[in-house]
Amino acid sequence: MVWINFPFYASLTIGLWLIGIILIYVKSSKRFTHTLSLISLSLGLLVLIYFVVDLWILLDRPPMRTLGETRLWYSLFLPLVGFITYIRWKYKWFVGYTFGLASLFLILNMLYPENYDKTLMPALRSIWFVPHVIVYIISYALLAASSVVSLKALYTIYIQKRKVEVIALADNLVYIGFAFLTLGLLFGALWAKEAWGHYWTWDPKETWALLTWLVYLVYLHLRTFKTVNPTKAIWVLALAFIVLLICWFGVNYLPSAAYSVHTYTETS
Amino acid sequence: MKSYPSGFGESRTLTDSFVKEVTRMTKRRLWENKWSYKEGFIIALGLFLAGIAIEWANGNAPLPVLNYPQNLITGLLYITFLVLSYLFFRKSQWVIFMRSIPAAITSLSFFAWNALIMGLFLQDSKAEGLTSILSLNQVTSSWFYLFSSLYLLTALGTLIIDKLIRFKISNLGILVSHLGLWLVIFGGSMGSFEVSRLEMNLKEGQLTYTATDRLNGTVYEMPFALKLKDFRMEEYPPKIGIVDNVSGKLLHAEGKNIRILEGESSFQIMDWDIRLIDYLESAGKAGSKYYFNNETGSPPAAYLQTISTKGDTVMGWITCGSFSTQYESLKLDDTHSIIMLYPEPKNYISEIELFLPEGKLGDFSLEVNQPYSYNEWEIYQLSYDDEFGKWSDSSVVELVKDPWLPVVYTGIFLMLAGALYLFWFGRLRKNS
């Protein structure tokens, strides 16, 4: 049995978001239009939050075990990042990106529905499960957002041939995203010690998580003295996102994945 | 147009060559003046190639083994070297470079390069050929990994000493983060020589005092003995699903296959309406029917009524079976059957008694994610005899000893603090 009424909730959410995004771009001097767009975006988020809470209760376990479930959380946190960024720094295109990508994930979940599966293996029964996953998802949302900024920056440099100003936004997103990434990595190590007897075993997922962490760390160091030409840093940021994606999805397809305890579990 | 006196023309030529000369003199040559990315890259590349060469020349060369107290002494000597080199050679190329951003980036990149190898090559000892000779399948035991750790620790360490000696409160974030990482790498590496991970196979009612090292099969006598009083497992209700008769594989059906037998008594799987007429958590077969039976090896069984879209009705018992009982499926048509899967474990617990030579010390319960500490040993629930599942009368526990764990935990704690600092202040260094 698939997630109850998910197509309904997801469509409602995407619909509300679409209205919100259109209203943001509509040229209107009325302040009301702007407020209405924010309300519409928030309503969409609330509908999605309601669904997630409902799913959590129905499944009787945190819905964070399968790929589809993590995509759901991503659909929640990415727009949250976009929303807060818009309120703070007024980047319209950013709202379009974050909410658009979240909608894509919701559509993916509708196309590839998962089983409503209450089972949670003993290894995941730990107080670390929820913090470790949530912190990573927040981090991925922020770092993915920063990667979009890097793409825009590359476009500005190479195609528009203008000076890049948007790197300050990238920096802000990466600092916070990296902080959460570090927390996720360390929570994982602390949990591993409680569950498997050692805090680090170079399991494929752990190794790629470390690689992701290291590449973003290189970016942070390149940005320490802001007088340095930012182009190199921007390329590192773009590369970092590829490593992140490999860590998130790619690990499941590597030959070594069969030996990993981290591959997302589906009912087999 | 004015004509300039020839003196100007001569000066211009002189200026050109003067500028050329100055440029030639000030354009930095390698290993001169302030080292930067080029030098850092060469150091990293050189160390990597040196490590590879050692591996190749010796066919998977083992690293020196540093037991206690050699690891501690080596560690302290290394720290002393870092501190003294800073104190006495503060202005040298070496020290200035090691605490610089290019050193940080090149050492991190080199370390990441090794991690990439680990991410791409399966890290086990079963590989053969060049992969094995070059230690690509056991990177953490390789020379190039050792060299990259040393490069990273040296760069990190020099920076930390610098920030400690020239302490400013605005650098607290940097200091805490870097020191944390240094302790984790140092403690983890040094500690790896002293980590013990042993397995004890416990059988109900038996007293066991020997444990085996999984990696080399060495058997150790422990200062205590364990006796498994009871092993028990809670299970989820079993799931049912439709298989293809020819391949025997469960059909995916876009995730619309597989149902857990809980809650509802009628549902739909693919093209069939299914009604759960009877469910027995623990059953035994008599004749062609199943009855409640609570013996060891009694599996769950379900009596189903299935109606296909064409209106064909099939009824019968299914069971997943067990180590002592045959499974039973229900044939729906020529190509489909419905089966019951083994119930999945919800939780498993070992009730254990701890004995010292003098007598019994106490009891404890062991489950996954809840280890038990005794002196310097942590005891973990590892596995059980999964052929017997919840009727397993044996339980495998893992005993872990890690004397350097406090160092690593301190490092982790500092890194957590550093991450929160970064989150709160946005940068590790206060803007000037």
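As a basis for the values below, the full set of heavy atoms in this structure was taken, side chains included, without hydrogen atoms, waters or symmetry mates.
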Full working for side chain to side chain contact (heavy atoms under 4.5 Å, CB included) between B:Tyr236 and A:Met121:
CA-CA 10 Å; B:Tyr236 284 104; A:Met121 53 160 80; over 6 Å; no
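- Residue contact with chain A, scored on non-hydrogen atoms closer than 4.5 Å, involves the side chain of B:Leu181 exclusively.
- Remark: side-chain polar atoms of B:Asn369 are paired, donor with acceptor, to backbone N or O of A:Ala123 under 3.5 angstrom.
- For A:Trp128, the CH2 atom is densely surrounded, since the number of other residues' heavy atoms within 6.0 Å is greater than 12.
- Scanning all heavy atoms of the two residues, the minimum distance from B:Ile101 to A:His221 falls at CG2-O, 3.5 Å.
- What you find for B:Tyr348 and A:Pro122 is that their closest heavy atoms are CE2-CG, 3.7 Å.
- Annotation: maximal heavy-atom pairing with chain A below 4.5 Å, among B:Val408, B:Asp402, B:Val400, B:Asn347, occurs at B:Val408.
- Expressed to the nearest 0.5 Å, how far NZ of B:Lys346 lies from CZ of A:Arg61 amounts to 12.5 Å.
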Could you walk me through whether A:Phe180 and B:Phe423 satisfy the side chain to side chain contact (heavy atoms under 4.5 Å, CB included) test, starting with their C-alpha distance in whole Å, then the side-chain angles of each, then the deciding distance to 0.1 Å, before giving a yes or no?
CA-CA 8 Å; A:Phe180 278 101; B:Phe423 168 72; 3.6 Å; yes
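- Applying the side-chain contact (heavy atoms from CB on, under 4.5 Å) test to A:Ile84 and every residue at least two apart in sequence or in another chain returns nothing.
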Evaluate side chain to side chain contact (heavy atoms under 4.5 Å, CB included) for B:Leu405 paired with A:Lys193, printing each intermediate quantity in order.
CA-CA 10 Å; B:Leu405 193 62; A:Lys193 181 69 188 161; 3.5 Å; yes
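- Ranked by heavy-atom pairs under 4.5 Å with chain A, the list B:Thr140, B:Val184, B:Val139, B:Ile379 is led by B:Thr140.
- Of the atoms belonging to A:Thr201, it is side-chain heavy atoms, and not backbone ones, that fall under 4.5 Å from chain B.
- Taken from CH2 in A:Trp202 to CD in B:Gln123, the straight-line distance is 9.0 Å, to the nearest 0.5 Å.
- In terms of non-hydrogen atom pairs under 4.5 Å with chain A, the most contact-rich of B:Ala112, B:Ala104, B:Gly188 is B:Ala112.
- For B:Phe413, the CZ atom counts as loosely surrounded, since its 6.0 Å shell holds 12 or fewer non-hydrogen atoms of other residues, nucleotides or ligands.
- Scored by the side-chain contact (heavy atoms from CB on, under 4.5 Å) test, A:Ala233 finds A:Tyr219, A:Leu222, A:Arg223 as partners (sequence neighbours excluded).
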For A:Phe187 and B:Ile412, what are the C-alpha separation, side-chain angles and deciding distance, and is it a side chain to side chain contact (heavy atoms under 4.5 Å, CB included)?
CA-CA 9 Å; A:Phe187 285 175; B:Ile412 289 179; over 6 Å; no
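- The contact between A:Trp213 and chain B is made entirely by side chain atoms (from C-beta outward), counting heavy-atom distances below 4.5 Å.
- More than 12 heavy atoms of other residues, nucleotides or ligands shown are found within 6.0 angstrom of CH2 on B:Trp377.
- Contacts between residues 189-200 of chain B and chain A, counted as heavy-atom pairs separated by less than 4.5 Å, involve B:Val195, B:Arg197.
- Note: B:Phe121 CZ to A:Thr207 OG1 = 13.5 Å, rounded to the nearest 0.5 Å.
- With sequence neighbours excluded, no residue forms a side chain to side chain donor-acceptor pair (under 3.5 Å) with B:Thr410.
- For chain B, the nearby part of A:Leu211 is the side chain; its heavy atoms alone come within less than 4.5 Å.
- Of all the listed residues (A:Leu186, A:Leu185, A:Val218, A:Leu183), the one sharing the greatest number of non-hydrogen pairs under 4.5 Å with chain B is A:Leu186.
- For a residue to count as touching a neighbouring chain, one of its non-hydrogen atoms must lie under 4.5 Å from one of that chain's; by this rule B:Phe267 does not touch chain A.
- Atom CG in A:Leu214 sits 8.0 Å away from atom CG in B:Leu152 (nearest 0.5 Å).
- If you take CZ on A:Arg125 and CD on B:Gln370, they are separated by 11.0 Å, rounding to the nearest 0.5 Å.
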